[in-house]
Amino acid sequence: MQEPPDNDDERRQRDRRQQARRAIDHLPVDVIERIETGPVMITGIVGRLGRRLARQLHRSRAVIGLDRRPFPDRPKDIEHHEIDIRRNKAKDIFRSKRLAALVHLGTMHDPTRTAEEQQTWNVLGFQKLLEYVRLYDVPKLVLLSSASLYGARPDNAQFLGEDAPLLGAGAFSEMRHLVEVDMLAQSFFWKHPKTETVILRPAHILGTVHNAPSNYLRLRVVPTLLGYDPMVQVVHQDDVVRAIQLALRPGVRGIFNIAGPPALPLSRGLRMLGRKSVPLPYPLAKAGIDRLWRAKMTGFPAPELDFIRYVCMADDRRAREQLGYQPQIDLEHTLASVDEGEWG
Amino acid sequence: MRKRFALSRLADVAANDMLPRAQRLLLGARQSLADYGRELVGEDFEERTRLLRQRYERQGGDPFGLDPETAKYLIIACSFFHRKYFRTEVHGLETLPEGRVLIVANHSGQLPLDGAIIGSALFLDLHPPRIIRAMVEKWAHSLPFVSTFFSRVGQVVGVPENARRLLELEETLLVFPEGTRGISKPFNQRYQLSEFGLGFMRLAIETNTPIVPVGVIGAEEQYINLGNVQWMARALKMPVFPLVPQWFIPGAQLPLPTKYRLYFGEPMRFDGDADDDDAVIEEKVWVVRQTIQSLLHRGLRERKSIFF
């Protein structure tokens, strides 16, 4: 006779906690200290997520920002460098500071930029950063990737684990460079075990951020697809910030899906937000959005329709068990956060 | 007072005499429809739906998109077939264990009505009620409306990860290990089990789930399949093309009103290694298959008539 299942789960959790402890035991004391107290570099700090992370971190430790945009209203103790990550000047900062960690939020998601710019910024820029991390032995690297990279497909399992293939670029080739960035981090993880590499793949991040899901929910009249109502996962920006902070602890490494409150049908989310929605037949919606996209009248490329058509949900059990992550913000507040102001 | 114009007299009659009568008639019809509905689904139907809703609300909603309020309507539609059309007899449902269960049944009848009837029995004849979860072909989930409908009534995309997850959520999962081989059996092979797949056994061992074997009697005779036309199936790119004469007679598309009998067996537990060799798993599958075969034999022995 086998043990009842809940004991089984408990045992698995206990094993994982022990594993995590052992991971710290292997680290030299000075490395642990460096990770815990050293300065953290945040790329893309001027973005809305970057600012929130900086506000959480700067009271307890030094924060260095790296962004080509200016950061005028930053707290006094944050050191900000207004440079392009592709420039060699970035290297000097790595050389002069004994960084505890690099948090890479500076991936370009804006689909209206040219493919070439996105490609060189994301792939070449990140490759340079990886080189500096290796050269100056930065002990921690955190990349904010995305669960959308798994792709929304009709034959997806309801919950995709971290080992699911990144098929998002199959139907949406503009996503290719984001997949490449994730892959670069994965190979870095194996090639340079001295650096603790963490890849976070959050579900649709909602909040004051300007990403596709938040912008979609901010539309006054929300188009949906006739006959499709997939389950969607959303996560509040502050829960993502919390996950990044957890990933910065010594001993944490690997890929983690990050999800928020329980998943819900898209239609229910729109009802909870009180949005008016217009269901359109898919071929019509696709043709319409293609037109608008070519006329540069919309920020949504047509392949993104798949995310309101098919399911793309991440299994966040690993984050809950190994990272100790637990979403704090409930569904209503997560959804409502798209309407909040800048610092709401 | 007598009205002068014929039309106004007519209006008078309509307002004072016919309208109340029509209202009474409508009310009566609605009442009898409600009575009929109650008779079909049972007095405690709303209570059953409420129990299920509570169960999923406690979890923060079913992550696969099941909505008991939508599933309710499908159950009402199925209950007509369950209670009136096939007049299902259910045996051995009381031994169904609590928590996660893998229901393994013989598959028959050209159209998967056997699944619908097992689902109705678990909702209407069991306390507390359960919603059966089954796996649906992947392509069905790419179709508009169909995909949403399936997901609201609890049917999920047919990939192994989903089956595992459902059992971990303590759901009741229905599998037909015979697959299309079973459902499209020609009439001369009725109640002879075809080959079983091995996946369900590995799943049960891995998730430590009891298997409940079910023998379904009555579905084999609902459509008479004279044989599968292979070249037709190839030409139409369908898995099989059953030759059912009934389907070519206009108005005779409904199944024959056979009497369904469901025989639920005792729960069976298996342990060992889920990744064992096929030969080892096959032995365990054989035990389940024999149990279902003997349930079928028992049912056929007890049956006096196909239709009553």
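Atom set for the values below is all heavy atoms of this structure, side chains included, hydrogens, waters and symmetry mates excluded. Reminder, nothing fancy here: chain letters follow the sequence lines and each chain counts from 1.
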*How close do Q59(B) and P262(A) get, heavy atom to heavy atom, and via which atoms?*
O-CG, 4.4 Å

*Can you tell which part of S147(B) gets under 4.5 Å to a heavy atom of chain A, answering side chain, backbone, both or neither?*
side chain

*Indicate the atoms forming the closest heavy-atom contact of T148(B) with Y228(A), along with that distance.*
OG1-CA, 3.5 Å

*In Å and rounded to the nearest 0.5 Å, what is the CD to CG distance from E161(B) to D315(A)?*
10.0 Å

*Going through the distances and angles, do D229(A) and R152(B) end up as a side-chain contact (heavy atoms from CB on, under 4.5 Å)?*
CA-CA 10 Å; D229(A) 187 13; R152(B) 291 297 164 272; 3.1 Å; yes

_Counting only heavy atoms from other residues, nucleotides and ligands, does the tally under 6.0 Å from CD of E266(B) exceed 12?_
no

_Would you say that more than 12 heavy atoms from the other residues, nucleotides or ligands in this model lie under 6.0 Å from the CD of E69(B), or not?_
yes

*Option in F64(B), W139(B), F149(B) with maximal non-hydrogen atom pairs under 4.5 Å from chain A*: F64(B)

*Against chain A, work out which of N162(B), V159(B), L143(B), V146(B) has the most heavy-atom pairs shorter than 4.5 Å and name it.*
N162(B)

*Which of residues 153-162 of chain A have a heavy atom under 4.5 Å from any heavy atom of chain B?*
P154(A), D155(A), N156(A), A157(A), Q158(A), F159(A)

*By a 4.5 Å heavy-atom criterion (distance strictly below it), what part of D62(B) contacts chain A: side chain, backbone, both, or neither?*
backbone

*Within a reach of under 6.0 Å around CZ of R218(A), are more than 12 heavy atoms found that belong to other residues, nucleotides or ligands?*
yes

_So for V156(B), is it side chain, backbone, both, or neither that comes closer than 4.5 Å to the heavy atoms of chain A?_
neither

*Could you please spell out the steps behind the side-chain contact (heavy atoms from CB on, under 4.5 Å) verdict for V311(A) and H141(B)?*
CA-CA 10 Å; V311(A) 63; H141(B) 277 265; over 6 Å; no

